[in-house]
Each structure stands twice: as structure tokens, then as C-alpha cells.
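Worksheet: one structure, shown below.
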Protein chains: 2
Amino acid sequence: MATLSFTSETVEMYLKSIAELELLTTPVAISQLAQRLGVSSPSVLEMVKRLAEQKLVTHTPYKGVSLTARGHSRALAVLRRHRLWERFLVDTLRLPWEAVHDYACQLEHAAAPAVVDALAQFLGEPDTCPHGNPIPDAKGAMPAETAIPLLTMEIGQSARLTNIIYEETILLEYLARRGLLPGAMLTLEDVAPYQGPLMVRVDGFDHPAALGREIAARVFVHVIE
Amino acid sequence: MATLSFTSETVEMYLKSIAELELLTTPVAISQLAQRLGVSSPSVLEMVKRLAEQKLVTHTPYKGVSLTARGHSRALAVLRRHRLWERFLVDTLRLPWEAVHDYACQLEHAAAPAVVDALAQFLGEPDTCPHGNPIPDAKGAMPAETAIPLLTMEIGQSARLTNIIYEETILLEYLARRGLLPGAMLTLEDVAPYQGPLMVRVDGFDHPAALGREIAARVFVHVIE
DNA sequence: CCTTTGAATTAGGTTGCCCTAATTGCAATT
DNA sequence: AATTGCAATTAGGGCAACCTAATTCAAAGG
Ligand SMILES: [Mn+2]
Ligand SMILES: [Mn+2]
Ligand SMILES: [Mn+2]
Ligand SMILES: [Mn+2]
């Protein structure tokens with residue numbers, strides 16, 4: 001008999017968040033995770049111990065957590081559902097690009113495998129979410145990142161926006177208002193010193209946008225030429 | 001400030017189940033609810049007390065529970081989401097008629113109002129679920145039942161199947177195998193005495209189906225003529 | 001090497017939702 | 001009017017996730 005390991009919504013959110021944070025730093029600090037999930041550090045630590053017991057993560061005391069292979073594939077399954085729902089909400093239901101992230105965060109926990117497969121087929125097996133991030137395939141494989149953060153561009157360079165990582169609705173709303181959607185063409189005009197903002201001209205917009213470094217690290221681009 | 005009353009998935013299931021059971025008997029017995037939800041009677045009683053505190057139900061000791069107006073409208077909202085998702089799963093994703101009930105039971109708790117509205121619009125504001133039951137409109141209004149239970153038909157009468165109430169996957173599977181879907185034409189051929197089964201001829205099927213009274217009370221029809 | 005400081009951890013709760021076993025009460029039957 | 005059977009209720013737990021306050025630790029700077 002298979003170990004009937006039901007994964008609660010809460011556990012799925014922990015695993016998904018760890019996967020997202022591992023793209024920035026690894027192992028992931030307890031406090032990072034606490035901030036991302038909006039819960040206290042002791043709560044995270046307690047859950048991390050439960051996850052470690054189930055061999056979904058490894059915890060190095062005073063260092064942080066990392067996903068095991070098992071945990072990683074669990075996380076990718078959630079990410080797949082999340083991004084498929086996002087496509088559905090934008091492409092089929094025509095809901096706003098910056099709002100669907102939150103809606104998908106609810107739906108991602110509530111779709112049986114048969115539903116996910118049928119949804120993917122209906123959508124034409126898309127390979128990116130509306131924010132440009134890759135959708136893992138049914139086996140859990142995901143293409144590696146080829147774009148670079150806008151933060152690492154050089155002044156004067158032009159680029160095409162490819163994707164926005166570490167999605168959060170407030171970030172998406174901010175970027176949408178400035179035309180910074182996947183596919184947008186932009187030019188880095190200036191970088192203020194002392195951790196100051198990046199001035200970015202977006203094609204079709206009159207005024208350049210000022211992006212803090214925090215944000216510029218999450219916006220990925222393909223430089224032209 | 002509005003009393004931010006988040007309704008958990010569990011509470012939603014209690015309210016929906018009470019609404020469904022009220023169609024059969026009212027007030028709803030604690031043990032009925034316990035059986036429907038697959039939990040113990042003490043658990044139900046405990047929850048019923050919580051629901052009563054929130055003025056979602058009224059509890060008459062040793063009698064049972066009834067929904068208040070507040071509880072009823074909450075329940076109809078869940079039912080609306082459930083039935084809209086069922087339509088989506090059958091019409092758009094082409095999933096099997098008898099399987100979608102369970103899938104929709106997960107999705108019904110995970111759709112923000114904006115998503116529900118957009119989904120209803122995309123589906124063309126349908127007014128019944130794939131099992132023939134009415135979908136409450138956005139304001140929570142639902143047409144009254146006009147069909148009668150197959151159980152109350154007289155021998156020799158013919159009828160068109162309209163809907164199946166008190167949905168459960170095993171029941172739907174049983175009926176699907178015998179062609180008993182909404183729209184099916186049927187004739188009541190015989191009723192065995194002593195609470196015995198009803199023999200029903202279904203158009204397009206060679207052998208008549210034998211339905212227990214429990215089931216015949218849940219299959220609704222419009223008699224011809 | 002010692003001190004400092006913020007992150008991690010421990011200690012000790014609470015709440016929601018579930019359980020089994022024991023008891024009580026209602027209502028139907030003798 | 002007493003009995004009996006089943007449903008309802010009470011009693012006493014359990015576990016997953018959350019919290020705040022107090023303590024301990026590690027890494028960095030003096
Ligand atoms: Mn989520
Ligand atoms: Mn996305
Ligand atoms: Mn449900
Ligand atoms: Mn249905």
C-alpha cells in the first residue's frame with residue numbers, strides 16, 4: 001500500500017515558497033520564509049521540522065532549509081498548477097494580468113491530477129505563465145533560466161522583458177502600471193549611485209520608470225544583440 | 001468595519017450539506033449530517049454550536065439544525081460555485097459526467113468572487129449543472145423545484161429525467177452506467193412490494209434498470225402528458 | 001579574544017476540527 | 001407507567017498550525 005501522504009494546503013505553500021526562494025539564495029533562511037508566508041519564525045521552524053520528518057526538506061540548524069528531491073518535485077507540481085490556472089484566468093476568463101496571481105494561489109491547491117491534465121490540454125500545453133515564468137511539464141521538468149536580471153544590465157543597453165520572478169500582487173500592479181509586462185522593449189538609461197534606483201525607458205511610455213534594486217533583481221530580460 | 005468573517009472550507013461543507021439535506025427533511029438531524037460529512041456526531045455537534053454562535057444555523061436540542069437566512073445564502077454561494085465548476089469541467093474540459101462532482105467539491109472553496117463571475121460569463125450564465133440541478137444566480141436566487149421524484153411515479157407512466165439530487169459520485173456512477181442522465185426518457189414498468197426496487201425501462205437500453213427506493217427518491221422527472 | 005547583535009531556537013500557550021467512550025434523554029412499545 | 005433502543009450529548013483527548021516572550025547562538029567587528 002502506498003503511504004497515503006495527503007499534502008495540506010499549508011504544506012504546499014511552504015514547499016512552493018521554499019522553491020521560489022531557493023532561486024535567490026540557498027539554503028533558505030527561516031526568517032525569509034516567515035516573511036514570505038506572513039507567519040512567525042517559530043511557526044516556520046515547527047513546520048520545517050515536520051517537513052524534515054517527512055523527508056521533504058533538509059534543515060541545517062542556524063543555516064536554513066533546502067528541498068529534497070521529493071520536496072522539489074512536490075513544489076514543482078504546485079507551481080505547475082499555479083501557472084496553468086494563471087494562464088486560464090488570463091487567456092480564457094480575461095481577468096487582469098496583475099490580479100490572477102492571487103486567484104491562482106487559491107486554485108493551485110484544489111485541482112485533482114485529472115483536472116490539471118485536462119486543463120493543460122485545453123490551454124494547448126502552454127510553457128509559460130502570463131508573467132513569463134516556465135510551466136513545469138507533467139513529469140516535473142522545467143527549462144533552465146536563460147534571461148538575466150534587469151539589475152545586471154549596463155547603461156545604454158536595450159532589452160526585451162521576459163519574466164518576473166518571486167511574484168506578488170503589489171509588485172505586479174506596480175510593473176503593470178509602467179508597461180513592464182513580458183515582451184515589453186526597454187532601455188536602461190541610468191543607474192543612481194548608492195543603491196539608488198534604475199531609470200528605465202519603456203517603449204510606448206513617455207516618462208521613464210524608476211525601479212528600486214530590489215525590483216530590478218526580479219525583472220528578467222534578454223538583452224538585444 | 002465589516003466583521004471579517006472568513007468561512008473555512010470545513011464550514012462551507014457543513015453549510016452546503018445542511019442545505020442539501022434540508023430538501024429531504026427539516027430540521028436536519030445531527031446524525032444525518034455526520035453521515036453525509038463522514039465525521040462523528042460529537043464533531044458535528046461541536047461545529048453546529050460554533051455555527052449557531054455565528055448565527056449561520058439554529059440548533060434545537062435533540063431535534064436538529066436549520067440554516068438561518070445568513071447561512072442559507074452562504075450555502076447557496078457554495079452551491080453556485082460547485083455547479084459552475086461542474087459545468088466547466090464537463091463542457092470545457094470534457095471530463096466525465098460522473099467524476100466531476102468530486103473535482104468540483106475541491107474547486108468550490110477556492111474561487112474568489114471575481115473568478116466566479118468571470119467563469120459564469122464565460123460559460124454563458126448556465127442555469128443548471130450537468131446533473132440537472134439549478135445554479136443559483138449571483139444574487140443567490142434559485143428557481144423552485146418543479147419535477148417530482150421517480151419514486152412517486154405510477155406504473156406505466158413515462159417521463160423525462162430532469163435532475164439528480166443529493167449528489168454523490170457512487171450514485172452518479174451507478175446511474176451513468178444505466179443511461180440515467182438528465183434528458184433520458186424512461187418508463188416505470190413495475191414496483192416490487194415491501195419496499196422493493198422499481199423496474200425502469202430507459203430508452204435505448206435493452207434491459208430495465210432496478211432502482212432501490214433510496215435512489216428513486218433522488219432521481220427527479222417530468223412525467224409525459 | 002571578547003563583545004555585540006540579530007537570527008534561530010525553546011518554552012508555553014490558543015484555536016479549529018477531529019476522535020472514542022460514557023452518559024443522558026426522547027419516544028415508541030409493551 | 002415502566003422499558004428499551006437509538007440519537008444526542010457530555011467528557012476527555014489528539015494533532016496541525018498558529019502565536020508571544022524568553023533564551024541561546026553564531027558571525028562579525030572592535
Ligand atoms: Mn496558494
Ligand atoms: Mn505567474
Ligand atoms: Mn467541497
Ligand atoms: Mn451537479
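In what follows, every chain begins at residue 1, and chains take the letters A, B, ... in the order their sequences are listed.
Each of S41(A) and Y62(A) lies near DNA chain D, and the nucleotide nearest S41(A) is the one positioned closer to the 5' end. Each of G64(A) and E46(A) was assigned the nucleotide of DNA chain C with the nearest heavy atom; the assignment lying further toward the 5' end belongs to G64(A). Between K63(A) and S43(A), the residue anchored closer to the 5' end of DNA chain D is S43(A), taking for each the nucleotide with the nearest heavy atom.
In this structure, of dC17(C), dA8(D), dT20(D), it is dC17(C) that holds the atom nearest to the side chain of V11(B). The side chain of P42(B) lies closest to dC19(C), out of dC18(D), dA11(C), dC19(C).
Separating the CD atom of E53(A) from the P atom of dC15(D) is a distance of 12 Å, rounded to the nearest angstrom. The CG atom of L37(A) sits 15 Å away from the C1' atom of dC19(D) (whole-angstrom rounding). Here dG16(C) presents its P atom at 17 Å from CD of E9(A), a figure rounded to the nearest Å. Summarising the geometry, the separation between CD1 on I30(A) and C1' on dT10(C) is reported as 14 Å, rounded to the nearest angstrom. Here the P atom of nucleotide dA16(D) and the CZ atom of F6(A) are 12 Å apart, to the nearest Å.
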Test log, rule side-chain contact (heavy atoms from CB on, under 4.5 Å), inputs R80(A) and L76(A):
CA-CA 6 Å; R80(A) 172 173 164 79; L76(A) 284 186; over 6 Å; no
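Between R50(B) and the phosphate of dG16(C), there is no side-chain N or O to OP1/OP2 separation shorter than 4.0 Å. Residue H59(A) places at least one side-chain N or O closer than 4.0 Å to OP1 or OP2 of dT9(C). Phosphate contact (OP1/OP2 of dT10(D), side-chain N/O of K49(B), threshold under 4.0 Å): present. Contact annotation: S8(A) reaches the phosphate of dA17(D) (side-chain N/O to OP1 or OP2, under 4.0 Å).
Residue T10(B) is in sugar-phosphate contact alone, with no base atom involved, counting any heavy-atom pair closer than 4.0 Å across all strands shown. Using a 4.0 Å heavy-atom cutoff across all strands shown, L45(A) reaches at least one base atom of the nucleic acid. Heavy atoms of S31(A) sit under 4.0 angstrom from primed sugar atoms or phosphate atoms, though from no base atom. Backbone-only engagement by P61(B) is indicated by non-hydrogen atom pairs under 4.0 Å involving sugar-phosphate atoms exclusively.
With ring centers used as reference points, F88(A) lies under 6.0 Å from F88(B).
To the nearest 0.5 Å, atom OG1 of residue T58(B) and atom NZ of residue K63(B) are 13.5 Å apart.
Taking the ring axis of F122(A) as reference, the NZ or CZ atom of R94(B) does not stay both within 45° of it and closer than 6.0 Å to the ring centre. Remark: R178(A) is positioned above the aromatic ring of Y174(A), its terminal NZ or CZ atom under 6.0 angstrom from the ring centre and at most 45 degrees off the axis.
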